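Bear in mind the structure is a predicted one, so any value in this text is a computation, not a measurement. Every chain is numbered from 1 and lettered A, B, ... according to where its sequence line falls, protein lines coming before strand lines.
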Protein chains: 4
Amino acid sequence: MAAGPEVGLRADARRNLGQILLAARRMFAEAGPDVPMEEIARQAGVGVGTLYRRFPDREALIRAVARESLANVADEARRAVEEEPSAWAALIRLVRHSQRLQVIVRLALMSSRAREILRDDPETQRSCRAVLAVLGEIVRAAQDEGTLREDVGAGDVAVLFSFLLKQTPVANVPAASVTERAFVLMLDGLRARPGTPLPGRPITEEDLDFRQPGEG
Amino acid sequence: MAAGPEVGLRADARRNLGQILLAARRMFAEAGPDVPMEEIARQAGVGVGTLYRRFPDREALIRAVARESLANVADEARRAVEEEPSAWAALIRLVRHSQRLQVIVRLALMSSRAREILRDDPETQRSCRAVLAVLGEIVRAAQDEGTLREDVGAGDVAVLFSFLLKQTPVANVPAASVTERAFVLMLDGLRARPGTPLPGRPITEEDLDFRQPGEG
Amino acid sequence: MAAGPEVGLRADARRNLGQILLAARRMFAEAGPDVPMEEIARQAGVGVGTLYRRFPDREALIRAVARESLANVADEARRAVEEEPSAWAALIRLVRHSQRLQVIVRLALMSSRAREILRDDPETQRSCRAVLAVLGEIVRAAQDEGTLREDVGAGDVAVLFSFLLKQTPVANVPAASVTERAFVLMLDGLRARPGTPLPGRPITEEDLDFRQPGEG
Amino acid sequence: MAAGPEVGLRADARRNLGQILLAARRMFAEAGPDVPMEEIARQAGVGVGTLYRRFPDREALIRAVARESLANVADEARRAVEEEPSAWAALIRLVRHSQRLQVIVRLALMSSRAREILRDDPETQRSCRAVLAVLGEIVRAAQDEGTLREDVGAGDVAVLFSFLLKQTPVANVPAASVTERAFVLMLDGLRARPGTPLPGRPITEEDLDFRQPGEG
DNA sequence: TATGAATGAGTTTTCATTCAT
DNA sequence: GATGAATGAAAACTCATTCAT
């Protein structure tokens with residue numbers, strides 16, 4: 001198990017670091033990657049200087065949040081595979097429970113600035129690939145089970161589910177309810193049974209690799 | 001019928017106004033509601049001063065773009081109803097062809113700042129309600145045709161389709177292809193046939209009214 | 001004659017631009033290239049915003065000041081050649097009267113940051129070469145006159161005179177007097193008559209070209 | 001004789017103190033008195049805290065470096081007088097070999113901030129006067145020898161030599177060579193023989209006393 | 001005593017908005 | 001009416017100095 005950067009820090013420093021990451025994750029998730037650094041520092045209960053001591057600039061902070069969240073999601077995904085009775089159930093649990101997915105979507109899919117930063121970070125790419133690999137396994141298992149239609153790939157599933165996570169409060173109906181219904185509708189679209197044939201080829205995990213969009 | 005703001009302007013002034021709205025619409029759609037005002041002015045081929053003469057501040061510009069786009073979408077929706085052979089086809093055409101929907105989604109659903117501005121604008125609310133009314137008609141007609149499942153409302157459909165429009169470039173696969181597949185998957189989820197029963201009650205057009213989210 | 005950047009500006013804007021350059025020149029000369037931008041703006045009687053509208057960042061301002069000063073020095077040098085009765089006199093007049101030399105020395109020779117900025121600016125290099133070319137002519141003419149020792153080049157003269165301009169207030173004696181005496185001592189060192197043979201070869205104008213120091 | 005601050009310290013503490021002064025001297029000499037304190041601490045191999053324990057603030061550090069360097073220069077000067085065969089040779093050796101002179105020039109003559117700090121420090125003034133006193137002796141001896149022109153004082157010599165030490169890399173010619181030639185040119189200017197009469201009166205050691213420039 | 005973490009004031013730079021021409 | 005210049009407040013980032021461990 002690799003030692004994280006937090007090892008060897010003084011107790012208070014380690015706590016501060018944790019607070020900073022927590023605050024950043026929350027604020028990035030709810031307000032995007034452009035929230036003022038001072039705001040993040042304030043939420044974390046530290047001075048800006050402290051924030052900058054740990055993360056030399058905003059990009060470093062964005063990277064750190066993305067890395068940590070992706071690692072967490074990968075863990076959860078693996079656990080879902082192990083613990084759920086079916087691949088279909090694992091799929092559902094993954095989207096439902098992974099709070100960390102929210103930030104990632106917000107960073108990687110809703111801000112072109114953040115996307116570029118992450119695209120150039122090898123570790124983010126690695127973790128991202130790891131997550132997509134697990135998702136790919138789940139998808140293939142679900143297809144083997146006969147619960148998931150055959151003409152989709154992990155990429156299609158990821159795209160569909162990412163929509164849910166871009167959710168922004170919309171209406172005078174509890175957001176959870178809106179999301180939940182949309183989720184079920186999507187699952188119905190994904191379910192294995194005669195539906196409209198999909199155009200093109202399945203979008204695979206390799207297709208979502210953070211490379212320059214449209215390159216392939 | 002109240003005269004629009006463009007009546008009684010000198011020819012060049014009217015042209016400028018049009019250019020500004022066009023530029024703003026484009027830039028809001030592609031970069032969000034925070035693009036520098038100077039940038040918009042430059043794209044429109046006018047000085048900032050001119051922009052500010054027409055729209056006292058950014059909020060006014062956002063409102064104007066939203067109003068115009070919503071009016072346009074309402075028109076298109078009505079035309080789709082008239083011209084398409086089935087309600088299902090009208091539904092599909094609406095999402096596929098309404099470029100204006102893109103801006104609206106970007107403004108109303110992807111930026112909390114813009115959302116607040118629009119929430120407080122009666123005219124935007126009116127137009128929004130008009131669009132949703134047409135959508136409601138289409139939805140009910142499609143259900144009568146038997147092409148759309150019975151347990152969804154116009155709100156559900158709107159939410160689902162809004163996802164498509166939040167599309168951000170993602171992968172090394174042409175964005176159009178990704179969207180197209182997701183679209184078909186969603187349509188499959190919406191299609192009338194025994195699927196998973198949806199939790200809660202249909203989300204109606206009234207539910208999406210721009211009131212404080214979660215209030216209702 | 002090429003139109004400077006100041007043509008076509010509104011009268012007040014042109015005045016402001018002039019004030020900014022003047023203030024920057026003065027402050028760079030007396031305090032170096034790191035004086036706060038706000039300070040320069042205040043001295044120029046404008047807001048920082050105005051300063052930044054003209055010069056996108058500090059580097060641009062430094063470049064502008066250097067270019068303007070070098071151009072001015074080149075002019076003065078040419079005039080000195082024309083108007084003075086002897087090359088020796090032209091040499092003396094050049095150092096004595098060129099106030100602009102002060103800033104250039106301060107920027108190009110006393111701050112490694114500024115030196116790097118200027119080294120990468122082709123126009124500065126061109127002007128610098130032009131000035132050195134005139135100095136080279138003067139030097140050769142003075143040697144032909146028999147007033148300047150034969151074993152020095154324009155580079156040696158430039159180095160020596162640059163010392164005078166690095167002058168920083170030193171003592172409880174009028175700075176002018178100190179400089180004046182040092183100047184005469186240097187002139188005596190340069191004068192043509194049997195002196196100590198100089199080590200190495202004459203340092204020419206090409207040697208002072210702003211290329212990476214020590215490269216040659 | 002008062003005990004220096006280094007007496008009675010623990011061995012490691014004394015070593016640290018030495019390292020700090022060494023690092024500060026080097027960095028002041030090459031980058032001026034504004035180098036970040038952390039940088040100095042890092043070079044010295046200690047934490048900032050340790051640096052600040054020894055020197056309450058930057059000014060104290062500057063003073064310490066100046067004092068130590070001046071003391072060292074005074075020693076060297078006295079040794080030069082004793083060991084060199086002629087006053088002229090002592091003069092030359094002094095400039096050529098005293099590395100410590102570099103820092104002093106950098107602090108006292110190239111930074112107005114540092115100059116002010118040192119001007120207000122009695123011990124620096126004392127040491128400075130001591131050095132100038134030795135220089136004065138050398139000058140007068142050289143004049144008695146007939147090797148140095150009569151119309152200069154220790155101040156003139158100091159000013160001239162200080163120029164050499166302000167040397168900043170300039171050209172694509174080895175800096176040492178440039179300096180060496182300039183040095184010889186200056187010596188030629190100083191040499192005893194009919195030259196241009198110097199304006200004003202000799203600048204004496206008293207004139208260079210660090211009092212407010214221009215006061216006298 | 002040594003360390004390096006935390007703080008916050010100081011600078012640079014950007015951009016919405018106002019206003020002179 | 002149009003223009004683009006001027007303004008200043010806001011946000012990112014750096015670093016001297018203090019203080020907990």
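Looking at the side chain of Asn16(A), the nearest of the listed nucleotides dT17(E), dA6(E), dG8(E) is dA6(E). In the set dA16(E), dT3(F), dA5(F), the nucleotide with an atom closest to the side chain of Tyr52(B) is dA16(E). In this structure, the nucleotide among dC15(F), dT21(E), dA6(E) sitting nearest to the side chain of Asp12(C) is dT21(E). In this structure, the nucleotide among dT13(E), dT7(E), dA16(E) sitting nearest to the side chain of Thr50(A) is dT7(E). Picking from dT13(E), dG4(E), dA12(F) the nucleotide with the shortest atom distance to the side chain of Met37(C) gives dT13(E). Out of dT17(E), dA12(F), dG8(F), the shortest distance to the side chain of Arg58(A) is found at dA12(F).
Summarising the geometry, the separation between CD1 on Ile40(D) and C1' on dT3(E) is reported as 17 Å, rounded to the nearest angstrom. Arg14(D) has its CZ atom 14 Å from the P atom of dT1(E), to the nearest Å. The CG-P distance, from Asp57(C) to dT13(E), rounds to 6 Å in whole Å. Protein atom CD of Glu59(C) is 12 Å distant from nucleotide atom C1' of dT12(E), rounded to whole Å. Distance, Leu51(B) CG to dC19(E) P: 17 Å, rounded to whole Å. If you measure from atom CG of Leu61(D) to atom P of dT17(F), you get 11 Å, rounded to the nearest angstrom. Protein atom CD of Gln19(C) is 12 Å distant from nucleotide atom P of dT7(F), rounded to whole Å. Rounded to whole Å, the distance from CZ on Arg42(B) to C1' on dT3(F) is 14 Å.
Considering only side-chain N and O atoms, Arg54(D) lies nowhere under 4.0 angstrom from the phosphate OP1 or OP2 of dT1(E). A sub-4.0 Å separation between OP1 or OP2 of dT7(F) and a side-chain N or O of Arg53(C) is absent.
Nearer the 5' end of DNA chain F, as judged by each residue's closest nucleotide, is the contact made by Glu38(C), out of Glu38(C) and Glu38(D). Mapping Gly47(C) and Val48(A) onto DNA chain F by nearest heavy atom places Gly47(C) at the nucleotide closer to the 5' end. Each of Gly49(B) and Pro36(B) lies near DNA chain E, and the nucleotide nearest Pro36(B) is the one positioned closer to the 5' end.
Side-chain contact between Gln102(C) and Arg25(C) is absent, with no heavy atoms from C-beta onward closer than 4.5 Å. In this structure, the side chains of Leu61(C) and Arg54(C) stay at 4.5 Å or more apart for every pair of heavy atoms. Residues Ile117(B) and Arg113(B) are in side-chain contact: their nearest non-hydrogen atoms beyond the backbone lie under 4.5 Å apart. Annotation: side chain of Phe55(D) is in contact with side chain of Leu21(D) (closest heavy-atom distance under 4.5 Å). Between Leu22(A) and Arg26(A) the shortest side-chain heavy-atom distance falls below 4.5 Å. Lys166(C) is listed as a side-chain neighbour of Leu109(C), based on a closest heavy-atom distance under 4.5 Å.
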So what does the secondary structure string of DNA chain E come out as, 5' to 3', with Watson-Crick or wobble pairs under 3.5 angstrom, [ ] for crossing and | for pairs with another strand? .||||||||||||||||||||

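In this structure, Val46(C) reaches the sugar-phosphate backbone alone: every heavy-atom distance under 4.0 Å involves primed, P, OP1 or OP2 atoms, never a base.
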Could you give the side-chain donor-acceptor pairs of residues 32-44 of chain D under 3.5 Å, partners two or more places apart or in another chain?
| from | atom 1 | to | atom 2 | distance (Å) |
| --- | --- | --- | --- | --- |
| Glu39(D) | OE1 | Arg42(D) | NH2 | 2.9 |

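Under the 4.0 Å criterion applied to side-chain N and carboxylate O atoms, Arg63(B) and Glu123(B) are not assigned as salt-bridge partners. Taking a cutoff of 4.0 Å between a charged side-chain nitrogen and a carboxylate oxygen, Arg106(C) and Glu30(C) do not qualify as a salt bridge.
Between the side chain of Asp57(B) and the backbone N or O of Ala60(B), at least one donor-acceptor pair lies under 3.5 Å.
Contact check of residues 24-34 of chain A against DNA chain E (heavy atom, cut-off under 4.0 Å) returns no residues at all.
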